[in-house]
Amino acid sequence: MSDTPLLDEAEKGPWPSLVTEIKKTGFKGLLKIYELAYEDKVTHWTHGGMVGYPGYDAGVIGRLSDRHDILRDCHTIRMIQPAAWFYSTKKLRKLVEIWNKYSYGLMNFHGATGDFQLIGIETDKIEPFFDEVSKEHWDIGGSAGDFRTASCCIGPARCEMALIDTLDIYQTLMSDEEILNDMHRPRFPYKFKVKIAGCPTDCIAGVARADLLVVGTWRDNIKINQEEVRKYAEKGVDIGLIASKCPGNAMQWDGEELKIDNDNCMRCMFCLQKMSKALRPGDDRGATLVMGGRARGRYGAFLGWVLMPFIKLEKPYEELKDLIYKLIDWWDENGRTKERIGETIYRLGAGKFLKETGLKPHPAMVQAPRNNPFWFYWPGEVEE
Amino acid sequence: MSDTPLLDEAEKGPWPSLVTEIKKTGFKGLLKIYELAYEDKVTHWTHGGMVGYPGYDAGVIGRLSDRHDILRDCHTIRMIQPAAWFYSTKKLRKLVEIWNKYSYGLMNFHGATGDFQLIGIETDKIEPFFDEVSKEHWDIGGSAGDFRTASCCIGPARCEMALIDTLDIYQTLMSDEEILNDMHRPRFPYKFKVKIAGCPTDCIAGVARADLLVVGTWRDNIKINQEEVRKYAEKGVDIGLIASKCPGNAMQWDGEELKIDNDNCMRCMFCLQKMSKALRPGDDRGATLVMGGRARGRYGAFLGWVLMPFIKLEKPYEELKDLIYKLIDWWDENGRTKERIGETIYRLGAGKFLKETGLKPHPAMVQAPRNNPFWFYWPGEVEE
Amino acid sequence: MALTMDELDFGPPDYKEMLPETLKRNYGKWIYHELIKPGVFKHVSSTGDEVYTVRSGQPKFIASSTVLKLCDLADKYCEGSLRFTSKHSIEWIVPKKDDVDKLIEELKKLGLPIGGTGNAMHSIVQCTGWVHCHTPATDAPGIAKAVYDELISYFQRDDLPARLNIAVSGCLNMCGAIHCSDIAVLGVHRRPPKVNDEVVSKACEIPTMIASCPTYAIKPNPKAKSIRIDANKCMYCGICYSICPGVPIADAKNDGVSIWVGGKVSNTRSGPAFSRLAVPYLPNNPPRWPEVVEVVKKIVETWASEAKPHERMGEWISRIGWPAFFDKTGLEFTDKHIDDYIFSIRDMRVGARIRGREMK
Amino acid sequence: MALTMDELDFGPPDYKEMLPETLKRNYGKWIYHELIKPGVFKHVSSTGDEVYTVRSGQPKFIASSTVLKLCDLADKYCEGSLRFTSKHSIEWIVPKKDDVDKLIEELKKLGLPIGGTGNAMHSIVQCTGWVHCHTPATDAPGIAKAVYDELISYFQRDDLPARLNIAVSGCLNMCGAIHCSDIAVLGVHRRPPKVNDEVVSKACEIPTMIASCPTYAIKPNPKAKSIRIDANKCMYCGICYSICPGVPIADAKNDGVSIWVGGKVSNTRSGPAFSRLAVPYLPNNPPRWPEVVEVVKKIVETWASEAKPHERMGEWISRIGWPAFFDKTGLEFTDKHIDDYIFSIRDMRVGARIRGREMK
Ligand code: SRM
Ligand code: SRM
Ligand code: SRM
Ligand code: SRM
Ligand code: SF4
Ligand code: SF4
Ligand code: SF4
Ligand code: SF4
Ligand code: SF4
Ligand code: SF4
Ligand code: SF4
Ligand code: SF4
């Protein structure tokens with residue numbers, strides 16, 4: 001009989017099976033620990049303590065099993081992915097070669113933050129592994145209270161919607177000394193995640209999970225090719241239906257001509273996506289900055305909110321970097337342990353945050369102004 | 001020169017002036033105290049302590065001025081208004097006659113809760129005044145932590161939208177012994193306000209300020225007189241525009257015939273109001289109960305939310321009264337001082353409130369189900 | 001001699017004694033209404049009866065001598081009955097069509113403005129303010145009067161895009177529940193109360209005070225048998241003063257007025273909504289509050305000229321967006337406008353949905 | 001020998017080395033795209049170049065031997081480059097149109113499903129669950145696999161009303177940020193952690209633990225140099241266990257799975273939205289979680305047959321209302337569905353706006 005009857009069941013069905021992949025690696029210990037979870041309906045992994053590469057205090061998730069008779073340490077290394085997850089086969093083959101030397105070769109493409117993850121390394125193999133893989137310019141990513149590995153959408157590499165150079169911004173930030181220092185040596189109250197979306201479609205899902213989301217956008221007018229609009233209509237695209245769902249109520253379609261009221265267009269991208277051949281975003285491009293998203297936190301999840309409706313972004317993105325550190329410095333000073341920046345702002349109030357960072361209040365930050373009369377005056381704002 | 005130069009200014013302009021009215025009463029002390037406020041930009045009234053009629057612990061607002069040289073006590077009596085604020089001149093004349101005997105005759109038609117208010121009575125005149133006015137069946141209203149004077153819209157007395165008998169419900173509740181006892185002898189954590197609206201138009205503004213709002217509604221179909229619809233159209237009513245604003249997206253108008261999808265109609269009353277001759281609510285009538293509204297509270301204001309989508313209401317409204325006391329009893333047991341019932345529910349959780357009152361959860365209570373995974377299990381719901 | 005316990009607790013007189021005959025006869029039988037002209041509508045019953053309702057404004061605080069004059073008119077035209085609305089307008093319910101204009105003439109003589117129906121400015125809900133209350137930061141009746149005087153034509157016409165509800169309260173207690181008005185004017189304090197230890201120790205329940213403060217700014221001061229107020233936590237709500245005379249909060253220099261917009265209560269179309277902060281502070285300038293009147297007027301005029309039919313203030317703003325509201329009215333958006341209280345995060349603008357005009 | 005400080009902190013390799021030639025040449029020059037067929041789209045550049053992208057699913061956890069096979073295919077068809085998407089699909093970017101079907105054949109042989117584009121079910125975001133994590137209440141990868149197997153045809157077709165994002169996390173940490181998915185499957189604990197005083201006193205920072213609990217359920221237990229957990233306040237989030245092995249929370253009898261629906265992240269049309277609770281608890285039934293699969297399928301099928309074009313799950317529910325959602329899916333609405341956490345009041349249904357069908 002098989003050692004892993006339950007996992008064998010999980011291999012069935014048309015979708016490629018991770019159990020099959022684990023089996024391929026020959027990583028019997030991990031497989032058995034996994035099978036035990038299926039048997040007992042509880043995990044058999046426990047805390048692994050601090051493990052890592054000398055000089056780096058983050059990026060490796062220490063993990064032990066609770067059945068040392070089967071397997072003891074089984075850590076994960078988070079490795080900074082290349083921008084937009086493009087891999088040359090050359091680099092990937094070399095990576096596999098090195099990883100195989102120090103492990104069973106189990107890989108996680110990718111972790112939800114963005115890193116590719118190498119699963120199942122023993123404590124004493126971390127150092128020789130990284131010595132070797134670092135020569136191939138693969139660096140370790142983030143974990144704990146630090147600057148996390150960023151991520152970006154495919155952007156200008158293959159997307160006609162891209163309004164900013166997502167890959168280049170990613171590369172710049174992820175190669176920045178200060179940022180890498182803050183990634184590898186945790187000092188923040190909690191994690192800080194940056195994501196970069198080429199346009200408001202937000203294919204990087206940043207609004208849900210980025211402490212700072214950079215979103216490409218434009219200020220001028222959508223360019224309309226009426227000829228192509230009509231062709232879409234002929235091909236059966238229901239343009240009236242699209243117009244009826246425009247959240248800015250900005251589209252008018254009379255069957256012949258499409259009009260867009262650009263002042264009211266909310267940059268939702270819907271019409272542009274549905275008729276990419278006919279509609280193109282404008283040329284006065286920059287970014288909207290969105291702040292404070294996170295999954296389940298102490299107050300529940302937060303969706304990121306508008307920090308700045310529009311800023312110009314120019315290489316080498318120094319202004320963006322300065323801004324990021326302005327945010328982090330304020331948070332570092334004010335945040336409690338395990339408090340994401342959005343939560344610190346929430347707890348202390350956006351007013352205080354804006355005042356102390358010197359950022360300007362803008363009505364686009366809010367869905368609507370406050371509805372309660374409970375605000376404060378700063379010393380000096382009123383007569384004594 | 002006038003004693004009240006600033007108030008004299010305030011008399012100018014086309015709208016009838018309260019200053020002129022105060023002057024007519026000859027109530028010079030109050031006028032002077034009021035003038036002083038205009039001079040100094042602060043009120044000259046202060047706390048008045050407990051004053052009232054023997055046997056009643058509520059309904060009189062004690063008020064002193066801070067200038068006893070000008071005027072000392074100047075209390076207000078809150079008197080329960082007649083249903084929907086209808087007065088026969090006979091009763092009103094008699095009221096004026098009695099009030100004139102014990103005061104300068106200044107009246108406030110009405111206070112925002114609903115009472116008519118008699119302004120400026122001295123402490124020792126309260127008793128003889130009420131002895132006399134009670135013979136005319138005018139009773140004192142609420143104040144402090146008690147059952148407040150309710151209020152209701154004009155309903156069936158003159159409104160074709162009325163789906164419940166607002167005046168009769170009001171009269172029944174306001175004549176109920178138990179309720180009057182709880183109005184005149186405060187024992188609740190804080191005030192409890194009931195309002196009754198004949199239909200979802202909510203002309204009583206209950207959603208904003210009633211701890212319990214009873215709203216007439218119907219379950220079956222809107223009755224459409226197509227002929228009359230077309231007449232409205234001919235007269236220039238833009239029925240397409242109305243349909244486009246229907247929040248349930250339930251109206252279809254083709255220029256000839258109006259269709260309403262009653263399953264999706266949200267009972268917003270818009271179309272009915274705009275074409276009252278053509279559209280009539282259905283015949284299967286009852287009420288939606290709306291819970292927990294209040295103006296500025298410790299958490300900010302709360303809008304009332306759906307407690308029950310539909311209940312039948314039948315004279316003598318015993319079921320409604322029982323329900324009201326079920327709510328109050330729970331609140332009385334769980335509420336903190338100065339906490340309105342909506343706040344107690346908010347603080348302790350709707351789950352606990354429903355469980356302990358035995359009321360049923362219904363998806364119409366919420367705009368959307370919860371988005372956070374932070375809920376509790378009751379003992380017995382899970383295995384130990 | 002006081003009433004005995006048995007004689008107490010009797011409640012209001014029966015409404016059936018109060019209703020005019022025509023309404024009694026047609027109770028529950030009304031089938032439709034029409035707005036005849038500003039201030040006058042007609043209700044038709046299935047019995048064939050009709051009534052005309054003339055609506056008039058009033059000063060809310062009325063001398064009893066005036067009440068008697070109202071009674072005279074009600075006797076003459078309204079079957080000896082008279083009513084007030086939920087917003088304190090007076091309704092004159094007239095069974096005879098011919099009486100309508102006669103009544104209106106007489107009301108005008110009395111100085112009562114006719115209107116406040118349909119798409120007009122309705123009667124202004126207002127609290128007692130400096131006339132009678134101990135907590136106000138401003139005088140609600142005085143402001144209401146000044147606003148009425150300036151905007152009276154909107155009360156008398158009914159050609160606004162939709163109804164306009166204005167309300168005024170003297171302090172954060174918001175008597176009148178003004179927080180869901182198209183335009184709310186709210187008195188605000190801006191400094192913490194000053195603690196008078198002697199009064200507090202004598203006259204106030206300290207635990208109640210401590211518990212009542214929403215921001216936990218009140219701490220015990222056992223030495224003085226009094227309390228301390230943490231000036232960094234107090235947001236000047238005045239609740240503590242409501243219950244204790246020892247912590248006066250009124251302050252001639254700093255008290256003033258805030259303006260709120262876009263609330264409503266009806267379930268109609270967009271449903272109930274809170275008013276939102278438009279202007280955090282304007283000075284108290286009795287007797288006519290010119291700064292307040294000017295801002296209210298500017299908001300009304302902007303809305304009146306820009307909103308589409310059926311768009312209440314808040315519905316108009318929803319369509320154009322808050323940045324456009326601030327732009328068009330010329331009002332300033334400040335840090336005070338951004339909520340920072342308990343539910344604040346739900347009012348932030350999520351995602352990157354920015355209108356073109358908001359990026360400029 | 002470890003790297004010196006100077007040699008550390010270098011970051012990822014340059015993307016320019018990674019891009020396939022055709023993308024490099026046309027970087028920033030793309031002008032439109034077309035979905036050719038499920039799983040395949042075409043992007044056209046202003047230079048006249050085109051590329052075809054074939055998207056395939058994958059198991060997320062991959063053996064290095066499989067990675068080499070992927071490399072072989074990328075060398076053959078994709079200019080020696082291969083990419084993963086933000087949801088971990090594999091994208092095969094093919095400059096030659098004729099290669100598309102050949103590649104697809106080879107992918108099929110490898111067992112990789114083609115699809116997950118346009119109005120299809122996209123790749124399922126999932127965490128490591130029982131494969132590698134110490135906090136899960138369930139096995140995300142196992143559930144993802146079971147759901148995939150059942151719904152694979154929706155991955156391979158693209159005729160759903162709109163895109164369908166499903167995500168699975170093993171515990172409340174929600175790695176993958178699944179809280180804005182059309183359907184989220186979330187492992188849940190249902191009992192407070194058990195305190196092992198010995199381990200807590202040795203291995204854990206007590207102040208950090210106390211501070212980390214969102215509901216203030218953790219109190220110090222100075223005698224035992226440990227902590228106590230107030231069972232009435234704990235809502236089983238597991239945060240304390242994340243940071244301290246002395247408070248194990250996994251519980252074979254009570255752990256299980258919750259289902260959430262209607263979230264999205266794009267700014268498109270209705271904008272970002274949270275997923276909302278559909279089912280508070282389903283049992284953990286490895287290896288195939290039939291109860292979970294059944295509910296997910298029922299929800300998908302109901303939406304697929306009832307939603308109008310372009311309506312994501314949440315947009316469909318917004319149109320029909322939550323009561324109708326519960327009705328149509330046959331799911332039960334319970335007290336657990338009503339929020340009672342900090343922002344709860346903002347999620348209550350205000351006013352009396354009830355759809356006809358909701359009153360029945
Ligand atoms: C590997 C990964 C899941 C995956 O396979 O995709 C992961 C795995 C873990 N996450 Fe996560 N998280 C991963 C992405 C996320 C995301 C998604 C994202 O970043 O977009 C989130 C939600 C988004 C967000 O940050 O708001 C996330 C929210 C958490 C949280 C709780 C959220 C918080 O920040 O408060 C924790 C708990 C904590 O850190 O205290 C957590 C903690 C953990 C730990 C370290 C467990 C723990 O309690 O310490 C998990 C290690 C699992 C293991 O050993 O296999 N993980 N975690 C992802 C990281 C790989 C990578 O670097 O690419
Ligand atoms: C007279 C009246 C204003 C008016 O002229 O219309 C009024 C006047 C006062 N209200 Fe009010 N309230 C009046 C209706 C309201 C309303 C409106 C309503 O009931 O629809 C509200 C807001 C709605 C609500 O209840 O949510 C209201 C919310 C308050 C509050 C704070 C709200 C709360 O319940 O937390 C207080 C402070 C308190 O009671 O602790 C308050 C307290 C007061 C006091 C007693 C002052 C105080 O701090 O103790 C005021 C006496 C003023 C005076 O001496 O002239 N009043 N008060 C209204 C009552 C007359 C009547 O019985 O008809
Ligand atoms: C008399 C009164 C009820 C009462 O028992 O006193 C009343 C009576 C009518 N209301 Fe009202 N409403 C009355 C206060 C209200 C209130 C309460 C408030 O303002 O505090 C509201 C909610 C306002 C809000 O949403 O903020 C209210 C929202 C409406 C609406 C919805 C308006 C909207 O578009 O949002 C209608 C329908 C309409 O106007 O088409 C309406 C319609 C009506 C009708 C046409 C109903 C009918 O068929 O008779 C009545 C004449 C309307 C008119 O003024 O032109 N009534 N109505 C109240 C008159 C107050 C006044 O003096 O102006
Ligand atoms: C490749 C990828 C970006 C990347 O850098 O990896 C991508 C690529 C494209 N997205 Fe996306 N999106 C990608 C993740 C996302 C995400 C992120 C997520 O799901 O976590 C979203 C947000 C989803 C949400 O709202 O919950 C996303 C929301 C969209 C939308 C908006 C859909 C909507 O109706 O809400 C469009 C427009 C459309 O489909 O019409 C879009 C459109 C597109 C286009 C057509 C853009 C273009 O012109 O090239 C690309 C092909 C779409 C397709 O899959 O059919 N993309 N797209 C991601 C592929 C993920 C996958 O494996 O399936
Ligand atoms: S976010 Fe915009 S630019 Fe980036 S992949 Fe999606 S559609 Fe393209
Ligand atoms: S991008 Fe969105 S908001 Fe702008 S016009 Fe198109 S559909 Fe409307
Ligand atoms: S709430 Fe309804 S029934 Fe009452 S007055 Fe208004 S429209 Fe008429
Ligand atoms: S009452 Fe309101 S929701 Fe119902 S059909 Fe009329 S406009 Fe639509
Ligand atoms: S709102 Fe304030 S000032 Fe006005 S009556 Fe109420 S408590 Fe007094
Ligand atoms: S004014 Fe309000 S916030 Fe300030 S101390 Fe008093 S109760 Fe607290
Ligand atoms: S969601 Fe929970 S179970 Fe899954 S990886 Fe994250 S911490 Fe572990
Ligand atoms: S499981 Fe969560 S709620 Fe319970 S004690 Fe631990 S941290 Fe607190």
Side-chain angles (χ1 to χ4, degrees), chain A residues 197 199-200 202 207 213 215 217-221 247-250 261-268 286-293 299 302-306 309-310 342 346 348-352 354-355 361-377 381-384, chain C residues 172 174 179 186 188 190-191 214-215 232-237 251 253-254 258 260-263 273-278 280 314 317-327 333-360:
Chain A
C199 79
D202 195 4
V207 73
L213 169 66
V215 187
T217 193
W218 72 98
R219 271 196 296 206
D220 51 347
N221 292 348
N249 264 312
D261 166 6
N262 285 278
D263 266 3
N264 278 312
C265 161
M266 296 184 87
R267 277 58 182 161
C268 90
T288 296
L289 298 185
V290 173
M291 182 83 219
Y299 311 105
F302 285 4
L303 288 168
W305 46 267
V306 176
F310 189 88
Y346 165 69
L348 296 175
K352 183 176 159 77
L354 292 177
K355 193 181 159 72
H362 188 293
M365 288 176 170
V366 297
Q367 235 162 68
R370 72 161 65 232
N371 62 57
N372 61 68
F374 297 162
W375 66 84
F376 295 87
Y377 284 91
E381 282 187 318
V382 291
E383 292 182 48
E384 283 313 314
Chain C
L172 265 56
M174 294 199 196
H179 59 298
L186 175 67
V188 285
R190 298 193 302 157
R191 299 301 301 149
T215 51
N232 290 318
K233 285 195 177 162
C234 171
M235 42 59 183
Y236 339 114
C237 70
D251 172 352
K253 273 189 297 195
N254 290 303
S258 59
W260 306 71
V261 300
F274 291 125
S275 309
R276 303 286 176 162
L277 184 63
I317 298 172
S318 278
R319 175 167 59 79
I320 66 168
W322 283 96
F325 169 81
F326 283 95
D327 246 32
F333 185 86
T334 70
D335 58 341
K336 310 286 182 271
H337 290 87
I338 306 179
D339 193 7
D340 54 9
Y341 206 52
I342 304 175
F343 307 106
S344 58
I345 195 76
R346 292 286 178 267
D347 278 346
M348 300 310 287
R349 170 108 65 117
V350 302
R353 294 155 71 79
I354 321 271
R355 284 182 181 80
R357 78 154 79 83
E358 297 171 3
M359 298 204 208
K360 276 156 196 171

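Chain naming here is simple, since letters A, B, ... match the order of the sequence lines and numbering starts at 1 in each. Just so it is clear, the structure is predicted and the values come from calculations on it, not from any experiment. The figures here come from the full heavy-atom set of this structure, side chains too, leaving out hydrogens, waters and symmetry mates.
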C/D339 and A/N371: side-chain donor and acceptor closer than 3.5 Å?
no
If the plane angle is over 60° it's perpendicular, under 30° parallel, otherwise tilted; pick one for A/F374 and C/Y341.
perpendicular
Suppose we screen for salt bridge (charged side-chain N to carboxylate O under 4.0 Å, His left out). Which residues come up paired with A/R219, at least two apart in sequence or across chains?
A/D284
Heavy-atom proximity to chain A below 4.5 Å, by part of C/S258
side chain
Using a cut-off of under 4.5 Å for heavy-atom pairs, which of C/I317, C/D251, C/I320, C/I342 has the most such pairs with chain A?
C/I342
Between C/G351, C/A273, C/A324, C/C237, who has the most heavy-atom pairs with chain A when the cutoff is under 4.5 Å?
C/G351
Of all the heavy-atom pairs spanning A/V366 and C/R349, show the shortest one and how long it is.
O-NE, 3.4 Å
What distance separates A/W305 CH2 from C/M348 CE, expressed to the nearest 0.5 Å?
4.5 Å
Say whether, by atom type as modelled, one donor and one acceptor occur between the side chain of C/R276 and the main chain of A/P369 under 3.5 angstrom.
yes
Residue A/V306 versus chain C: region with a heavy atom under 4.5 Å:
both
Which residues pass the salt bridge (charged side-chain N to carboxylate O under 4.0 Å, His left out) test with C/R191, not counting sequence neighbours?
A/E384
Please classify the contact of C/D347 with chain A as side chain, backbone, both or neither, using a heavy-atom distance under 4.5 Å.
both
Is C/L172 in contact with chain A via its backbone, its side chain, both, or neither, using a 4.5 Å heavy-atom distance?
side chain
Reference residue C/R353; test side chain to side chain contact (heavy atoms under 4.5 Å, CB included); the match among A/P247, A/C265, A/P200
A/P247
Please rank A/Y299, A/F310, A/W375 by heavy-atom pairs under 4.5 Å with chain C and give me the top one.
A/W375
One option among A/K352, A/M291, A/E381 has the most heavy-atom pairs under 4.5 Å with chain C, and it is A/E381
Show your reasoning for whether side-chain contact (heavy atoms from CB on, under 4.5 Å) applies to A/M266 and C/E358.
CA-CA 9 Å; A/M266 296 184 87; C/E358 297 171 3; 6.0 Å; no
Can you check whether C/F325 reaches A/P363 side chain to side chain, under 4.5 Å on heavy atoms?
no
Shortest non-hydrogen pair, C/R357 vs A/N264, comes out as NH1-OD1, 3.2 Å
With a 4.5 angstrom heavy-atom cut-off, is it the side chain or the backbone of C/Y236 that approaches chain A, or both, or neither?
side chain
Select one option (side chain, backbone, both, neither) describing which atoms of A/V207 are under 4.5 Å from chain C's heavy atoms.
side chain
In terms of heavy-atom pairs under 4.5 Å with chain A, the winner among C/F326, C/F343, C/W322 is C/W322
Donor-acceptor side-chain pairing of A/N249 and C/R319 below 3.5 angstrom
no
What's the verdict on side-chain contact (heavy atoms from CB on, under 4.5 Å) for A/F302 and C/V350, showing C-alpha distance, side-chain angles and the deciding distance?
CA-CA 9 Å; A/F302 285 4; C/V350 302; over 6 Å; no
Identify which part of C/N232 has an atom lying under 4.5 Å from any heavy atom of chain A, answering side chain, backbone, both or neither.
backbone
Working for salt bridge (charged side-chain N to carboxylate O under 4.0 Å, His left out), residues A/R370 and C/D340
CA-CA 8 Å; A/R370 72 161 65 232; C/D340 54 9; 2.9 Å; yes
Top residue by heavy-atom pair count (under 4.5 Å) with chain C, among A/N221, A/V382, A/D261?
A/V382
Between A/N372 and chain C, with a heavy-atom cut-off of 4.5 Å, which part of the residue counts as in contact: side chain, backbone, both or neither?
both
Step by step, work out the side-chain contact (heavy atoms from CB on, under 4.5 Å) result for A/T217 and C/I354.
CA-CA 9 Å; A/T217 193; C/I354 321 271; over 6 Å; no
Quick check on the interface: out of C/H337, C/R190, C/K253, who has the most heavy-atom pairs with chain A under 4.5 Å?
C/R190
State the CG-CD1 distance between A/L354 and C/I338, to the nearest 0.5 angstrom.
5.0 Å
Shortest non-hydrogen contact from A/Y346 to C/I345?
CD1-CB, 4.1 Å
Tell me whether the guanidinium CZ or amine NZ of C/K336 lies under 6.0 angstrom from the six-membered ring centre of A/Y377 and within 45° of its axis.
yes
Indicate yes or no: at least one non-hydrogen side-chain atom of C/C234 is less than 4.5 angstrom from one of A/F376.
no
What option among C/P280, C/S275, C/S344 has the most heavy-atom pairs under 4.5 Å with chain A?
C/P280
